[in-house]
Amino acid sequence: MLLLLFLAALLLVTVFAYFAGQKRALSAVRGHSVGRTLSTNNFGLAALPSFYGQRLAYLVFIPPFVLLLVWWLVEPRLADALISWNLPESMAGASKGDLVGIISSIREAAAGKIALPSADYRAAVEALQTLTWVSTTGVYLLLSLLLLSLLILGLATSRPELRARRAVEGWNRWVMFIAASVAILITVGIVMSLLFQALSFFQAYNWFDFLTGTRWSPGGAFQRGYGEEASGGVFGVVPLMTGTLLIVIIAMAVAVPVGLMSAIYLGEYATNRVRSFAKPLLEILAGIPTVVYGLFAALTFTPWLAAGVEALNSVLNLPVIRPAVLFVANVFVGLGNIFVWIAGLLSGLLSGSETQFMSYFTQVQLQTGSDIALAAGVVMGTMIIPFVASLSDDAIRAVPDSLRDGALGLGSTRSEMMLRVILPAALPGIAGGVLLAVSRAIGETMIVVMAAGSFAYLTFNPLDSVSTFTVQINALLTGDLDFGGTKVQAAFAIGIFLFFITLALNTLALAIVRRFREEYD
Amino acid sequence: MVQIIDPKYKDADYQRQVTARRRQKGKRFQALGIAALAVAGLMLAALLYSIVSNGARGLMEDRIAVEVYFDPAKIDPKGTGELSVMRKFNYDTLVYPTLYEALGIKAKGRSDRDKRRKVKQLIGLGASNQLREMVVREVGRDPISDEAILVSGGTQLGDTVMVELTALSTSANPYTQTLRDLGMLHTRFNGDFFTGVNSNDPGYYGILDALVGSFWTLLVCFLASFPVAVLTAVYLEEFAPRNLITDFIEVNINNLAAVPSIVFGLMGAFVFIFVFGMPGGTALVGGLVLSLLTLPTIIVAARAAIRAVPGSYREAALGLGASRQQAMWSFVLPSAMPGIITGTIIGLAGALGETAPLLFIGMVGFQSGIPLTPVDGTPTLAVGIYNAFGSQFDELKNQLSNSTIIVLLVLLMLLNGTAAYLRYRSEKRQ
Amino acid sequence: MSDDEIRMSCKGVDVAYWGELAIKNVSMDILSKKVTAFIGPSGCGKSTFLRALNRMNDTIDGCQVTGEIKLDGNDIYAKGMDTVFLRQWVGMVFQKPNPFPKSIYENVAYGPRIHGLFRTKSELDDIVEQSLMGAGLWDEVKDRLRNPGTGLSGGQQQRLCIARAIAVNPEVILMDEPASALDPIATRKIESLIKSLAENYTIVIVTHSMAQAQRVSDKTAFFYAASLTEDDDSNLIEYGDTDQVFNNPIDERTRQYVEGAFG
Ligand SMILES: Nc1ncnc2c1ncn2[C@@H]1O[C@H](COP(=O)(O)OP(=O)(O)OP(=O)(O)O)[C@@H](O)[C@H]1O
Ligand SMILES: [Mg+2]
């Protein structure tokens, strides 16, 4: 309450200071203005009156405000420190669990909710009560005093010869610099918070097992398929990597050809009429929120795809087609067996077993999982189409027109010009764009959270259900957030993994694109 | 003439063949382009079809009109007359007898058990609440004892009242048509959708809280990102010295734009909620997290807008004796403002649709009430869609979620349309 | 000069951008195996007219050509005329060297490849070698045919572009200020190359250098901006033997221009 009151007062005084500063400077020269000289303006001041106002406003606002912020950050830590200082000697050896209990009862006693549990804690409780008084009342009294004295000091120094503009602009620069540094602050915040939690995780869990483990089973709901897990859970990210990779590959298989060809068609062939409805089409695709794509993928596209697979199954079982399909399948089985034989010959270790050839009477039956990786991938690809299209368009436009003229002047058709000259020239730019798209796909969350599986199967079958990094982060953080728990920490470990993968991809992509641009500048 | 090319290749007939083949190839290439656009168009059409067809169903609801006898023997068997006793009763059981009778189902016995279950499925979770509120309402809590303060809802025990209840899963229920024929079930516009707040009961689900929550979230997001972004852009464009720190800032801004949004969610949960102890699930935290995403967008747009201001403006102001900062604040920034605002609106539109960064800050799950301030717990529209998706009721998961999407898309269209209009206007002026 | 064979003939050619005439009523005959120079002040439409000669204007939005341009008696703007076909016969070299970002070999082989002008690899090798020799570049690059064409010096790049143009064995080569981006020595090389090419090809060259026009060309056409000549019925002011145009011009504006009074 007092906080709001104080903030209001601070603002009021600041506004007052702005006008008072101007008045004060003007009144100092009233009556005996020397007029304009090299060091003063028409008012007889060294700067415009408003600068005196701004200076005073800055002066009264910043110190109390900064102090308030600092106090706000320091206060919680101070409370903990105060309690532990004032605990009786006998408590030094108490276990961690006991301490937590004691501290919370001390807090409650200080707040007046419970009676003092023991005379030993009197010192701590009293110290805490003092602190509470300070942070609710004392600080504001002090800051108000500071505010007033700053105002008086500022008014006293608002003399005509004061170079108020310089002062104000100097402070302005600092404010701008601090604003610009927020970007750094955020990055530091991200890295620190991810690292902090991830490091705790890696103290409890071997990082090598994390990176190379082929089982992801954090416990609880994820134990389906494996027996009971005695300890806290198994965190091997390989199935997540393969799952993410599978979905990203499917997404790119949709987005890259469709996006690239759309860009080429719109840039090179389309009439203005086609362009006038195709461009907005891509813009709409780009503007649809990912949660909308996710819902579509989970509730509409997955059932469609499942139905499509069913239909395909009946086609595959038609009289002539079935033997043909089985023959092809058997060829693959044969090839696989040859591979197994060779591997077996080369090393006794690789004792892979042969696969049985399929009987030509077998029913061909493609199975779909409860979630279908293909569905999530295709929808994610759709989402990325406009991204790829716009980056390809940029890359194609960056190829100088002289190459276009050169190709056409030799009698190329437009598609020959495109395929043989422009596209090869734009390839680095397009590749950079595709990398950016890949990085986006890896970090994409909602579509996979809603439409990909939560169980991390290790498979590359696009009709099966797979899980991804982002799905697992969400799964681990669902429910109560216990920042000391392994599950939450594991989520941050994946987070930092994700952060660095996307960072690396982006840096690489931007480097490629930049070099490509330089080539044609 | 030196013969570089064997004349047989320049023969007109041969060339005609070659050219025809090449033209054919070109046609095929062009057809690929059309196919690509068609794929994109088809996917969009499928998406919109799914949204509109499901969403439209969510905007309508089926209601059952039924006479309810508030049987004192059931509600307050001991006849205490205490509101707190009446409050404990499970009121939806009052509805079933009437329905069984109308449908000719035996109220007891094994034979009709499945039929009775089907009838029960028709009545939503909220029916009990709705009927209870008619008898007894909670108006607040006693600050000291923390007990509910109860008042009478107007209906007396023993009354028989005609009530309308929401019917659930009607499309799959065998009794829907019979009830409709009996005049007990009708379909009407789902007004609750716009006036209600989120609920796990499709019959009462509404988006008003999510709308308000989105508004607060965007407001916080704007207040947190706009000033910082504009100051950053001004600094980098006009005042920053060419040095390592400036380069580092630029690198950081570029990287921020590429960080997956879920990572901002992780950081937000940890920093804002765990470290700073801000209240979870609120527009305050949501807006702050989203401001991390909009910041780079606005910075980039603002820098482009400032760069686009003709240098002559600056020189004119400097020539009049203005300082560099005066020129900035009084000439350059105002003329760059339309561009900056356009970029800001686009950034906010993006924030409006974001869900992933809000997953871990306590917005997921059902909250209560319309958020009156930014520090009340609330979902945003986008999170509301995800919440509805998590429901076990088809109406909520499939239909009302899509209805919410329609509202979200309309808002996005308004925002982006405004941005497009602003851009168009400022382009026309130049 | 009655025995000169006419390669291209133009009658009443107008070229307009978005309805605005840039070339007005130009008629001229371009002679076989001669160098024809287009001169005139900037913006008078030389490039526009040159690009009309192999329909490169087709690629420009809003550009409209009317009138009649014939190559060996065939109207190149006729309905059935395929530009792909036409540009094999009328090649073009641009102001700024524009080698493709491919190897030197592939740059030259590009034309023959797309037009299907060889069947065996050795045929293609021959074409590349002959073309590079024809462009006077062979000795300089024969050891690094696989290096990127963009790695050559400006003058070499321009000769590579000329080699690329002659690799499809055109009848006519159009050159738009081919030496204006080059230093004097490279310019000299290009000039002498043009003279030697004229033994086999018909060449049309746009130049801003009077000296260059005099050194390389047999015929000279002087253009003047159409907007300045509302009264005139054409912006081709004068067309004749280079000697005559430079030493004994008929039109006053030609005389002023060649004497350097403007432009
Ligand atoms: N793509 C175009 N669209 C519209 N107008 C054009 C276009 N290209 C040229 N013009 C106009 O046509 C006229 C002739 O241009 P052109 O390039 O042919 O002149 P030029 O004689 O080659 O000049 P220069 O010596 O500078 O190269 C000019 O007025 C020019 O502005
Ligand atoms: Mg020109």
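The model shown is predicted, which means the values in this text are computed figures rather than measured ones. Chain letters run A, B, ... following the sequence lines, proteins first and then strands; every chain starts at 1. Both backbone and side-chain heavy atoms feed into the values below; hydrogens, waters and symmetry mates do not.
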Enquirer: Looking at residues at least two apart in the chain, or sitting in another chain, which of them share a salt bridge (charged side-chain N to carboxylate O under 4.0 Å, His left out) with B/Arg23?
Expert: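 For B/Arg23 the salt bridge (charged side-chain N to carboxylate O under 4.0 Å, His left out) partners, ignoring immediate neighbours, are C/Asp82.
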Enquirer: Can you find a heavy atom in the side chain of B/Leu408 that is under 4.5 Å from one in the side chain of A/Pro289?
Expert: yes
Enquirer: If I measure from the heavy atoms of chain B, does A/Phe177 come under 4.5 Å with its side chain, its backbone, both, or neither?
Expert: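 Contact with chain B is through both the backbone and side chain of A/Phe177.
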Enquirer: Report yes if some heavy atom in the side chain of A/Arg414 is under 4.5 Å from a heavy atom in the side chain of B/Phe29; otherwise report no.
Expert: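 A side-chain contact under 4.5 Å is absent here.
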Enquirer: By a 4.5 Å heavy-atom criterion (distance strictly below it), what part of A/Thr478 contacts chain B: side chain, backbone, both, or neither?
Expert: neither
Enquirer: Is there a side-chain contact between A/Ile288 and B/Leu44 in this structure, where contact means two heavy atoms from C-beta onward sitting under 4.5 Å apart?
Expert: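 A side-chain contact under 4.5 Å exists here.
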Enquirer: Which atoms of A/Asn506 are under 4.5 Å from chain B, going by heavy atoms: the side chain, the backbone, both sets, or neither?
Expert: side chain
Enquirer: What closest approach, in Å, do B/Ile249 and A/Ala180 show between heavy atoms, and which atom pair accounts for it?
Expert: CG2-O, 3.5 Å
Enquirer: Please state whether the side chain, the backbone, both or neither of A/Val292 comes within less than 4.5 Å of a heavy atom of chain B.
Expert: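 The answer is both parts of A/Val292.
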Enquirer: Check whether A/Ile473 gets within reach of chain B through its side chain, its backbone, both or neither, counting any heavy atom under 4.5 Å.
Expert: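 Backbone plus side chain of A/Ile473, per the 4.5 Å heavy-atom cut-off to chain B.
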Enquirer: A/Thr502 versus chain B, heavy atoms under 4.5 Å apart: side chain, backbone, both or neither?
Expert: side chain
Enquirer: Using non-hydrogen atoms only, which part of A/Leu194 is less than 4.5 Å away from chain B: side chain, backbone, both, or neither?
Expert: side chain
Enquirer: Restricting to salt bridge (charged side-chain N to carboxylate O under 4.0 Å, His left out), what partner residues turn up for B/Arg22, sequence neighbours left out?
Expert: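 Partners of B/Arg22 under the salt bridge (charged side-chain N to carboxylate O under 4.0 Å, His left out) test: A/Glu416.
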Enquirer: Does any heavy atom of chain B fall under 4.5 Å from the side chain of A/Gln197, the backbone, both, or neither of them?
Expert: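 Contact with chain B: side chain only.
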Enquirer: Side chain, backbone, both or neither: which part of B/Asn54 has a heavy atom under 4.5 Å from chain A?
Expert: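 For B/Asn54, the side chain is the part near chain A, not the backbone.
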Enquirer: Which heavy-atom pair separates B/Thr232 from A/Ala179 by the least distance, and what is that distance?
Expert: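 Looking at all heavy atoms of both residues, the closest pair is OG1-O, 3.2 Å.
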Enquirer: Less than 4.5 Å to any heavy atom of chain B: does that hold for the side chain of A/Met192, its backbone, both, or neither?
Expert: neither
Enquirer: Given that the side chain runs from C-beta out, which part of B/Leu37 has a heavy atom under 4.5 Å from chain A: side chain, backbone, both or neither?
Expert: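 When you check distances to chain A, atoms from both the backbone and side chain of B/Leu37 fall under 4.5 Å.
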Enquirer: Given heavy-atom pairs under 4.5 angstrom as the criterion, report whether the side chain, backbone, both or neither of A/Leu266 touches chain B.
Expert: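 Looking at A/Leu266, just its side chain touches chain B.
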Enquirer: Can you tell me which portion of B/Ala269 sits under 4.5 Å from chain A's heavy atoms? Options are side chain, backbone, both or neither.
Expert: both
Enquirer: Would you mind checking which part of A/Leu281 comes under 4.5 Å of any heavy atom in chain B, side chain (CB onward), backbone (N, CA, C, O), both or neither?
Expert: both
Enquirer: Locate the shortest heavy-atom distance separating A/Glu169 from B/Gln326; write the atom from each residue and the value.
Expert: OE2-N, 4.0 Å
Enquirer: Test side-chain contact (heavy atoms from CB on, under 4.5 Å) on B/Met43 and A/Val378 and set out the steps.
Expert: CA-CA 10 Å; B/Met43 285 305 283; A/Val378 168; 4.0 Å; yes
Enquirer: Aromatic rings B/Phe270 and A/Phe196: how do their planes relate, parallel, tilted or perpendicular, breaks at 30° and 60°?
Expert: tilted
Enquirer: If I compare all heavy atoms of A/Gly287 with all of B/Leu412, which pair ends up nearest, and what's the gap?
Expert: O-CD1, 3.9 Å
Enquirer: Rounded to the nearest 0.5 Å, what's the gap from CG on B/Leu266 to CD1 on A/Ile496? Could you check?
Expert: 10.0 Å
Enquirer: So for A/Thr413, is it side chain, backbone, both, or neither that comes closer than 4.5 Å to the heavy atoms of chain B?
Expert: both
Enquirer: Please test A/Ile190 against B/Leu256 for side-chain contact (heavy atoms from CB on, under 4.5 Å), starting from the C-alpha separation and ending with a verdict.
Expert: CA-CA 10 Å; A/Ile190 292 175; B/Leu256 278 188; 4.1 Å; yes
Enquirer: So which atom in B/Ala356 and which in A/Thr445 form the shortest heavy-atom distance, rounded to 0.1 Å?
Expert: CB-CB, 3.6 Å
Enquirer: Would a 4.5 Å heavy-atom cut-off, applied to side chains only, mark A/Leu299 and B/Lys397 as touching?
Expert: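 A side-chain contact under 4.5 Å exists here.
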Enquirer: Taking the side chain as every heavy atom from C-beta outward, state whether B/Tyr386 and A/Val449 have any atom pair closer than 4.5 Å.
Expert: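 Sidechains of A/Val449 and B/Tyr386: in contact.
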Enquirer: Taking 4.5 Å as the heavy-atom cut-off, does anything in residues 346-355 of chain B contact chain A, and if so which residues?
Expert: B/Gly353, B/Thr355
Enquirer: Which atoms of A/Ile494 are under 4.5 Å from chain B, going by heavy atoms: the side chain, the backbone, both sets, or neither?
Expert: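 Nothing of A/Ile494, per the 4.5 Å heavy-atom cut-off to chain B.
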Enquirer: Is any side-chain heavy atom of A/Thr382 closer than 4.5 Å to a side-chain heavy atom of B/Val39?
Expert: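 With C-beta onward as the side chain, the pair stays apart.
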Enquirer: With a 4.5 angstrom heavy-atom cut-off, which part of B/Asn416 approaches chain A: side chain, backbone, both or neither?
Expert: neither
Enquirer: With a 4.5 angstrom heavy-atom cut-off, is it the side chain or the backbone of B/Val230 that approaches chain A, or both, or neither?
Expert: neither
Enquirer: For residues B/Ala36 and A/Met261, report the shortest heavy-atom separation together with the two atoms involved.
Expert: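 Shortest heavy-atom contact: CB-CB, 3.5 Å.
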Enquirer: Let me know if B/Leu359 has heavy atoms under 4.5 Å from chain A in its side chain, its backbone, both or neither.
Expert: side chain
Enquirer: If you count heavy-atom pairs within less than 4.5 Å of chain B, which of A/Gly294, A/Gly495, A/Ser415 leads?
Expert: A/Ser415
Enquirer: Below 4.5 Å from any heavy atom of chain B, which atoms of A/Phe469 appear? Answer side chain, backbone, both or neither.
Expert: neither
Enquirer: Given the rule in the side-chain contact (heavy atoms from CB on, under 4.5 Å) test, do B/Ile405 and A/Phe296 qualify, once you have shown the distances and angles that lead to the verdict?
Expert: CA-CA 11 Å; B/Ile405 287 178; A/Phe296 173 70; over 6 Å; no
Enquirer: Would you mind reporting whether B/Ser323 and A/Arg165 have side-chain heavy atoms less than 4.5 Å apart?
Expert: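 In contact.
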Enquirer: Please enumerate all residues that pass salt bridge (charged side-chain N to carboxylate O under 4.0 Å, His left out) together with B/Arg303, with sequence neighbours excluded.
Expert: B/Glu237, B/Glu250
Enquirer: If I measure from the heavy atoms of chain A, does B/Ile51 come under 4.5 Å with its side chain, its backbone, both, or neither?
Expert: side chain
Enquirer: Within the structure provided, determine whether A/Ile186 and B/Leu295 are in side-chain contact (heavy-atom separation under 4.5 Å).
Expert: yes
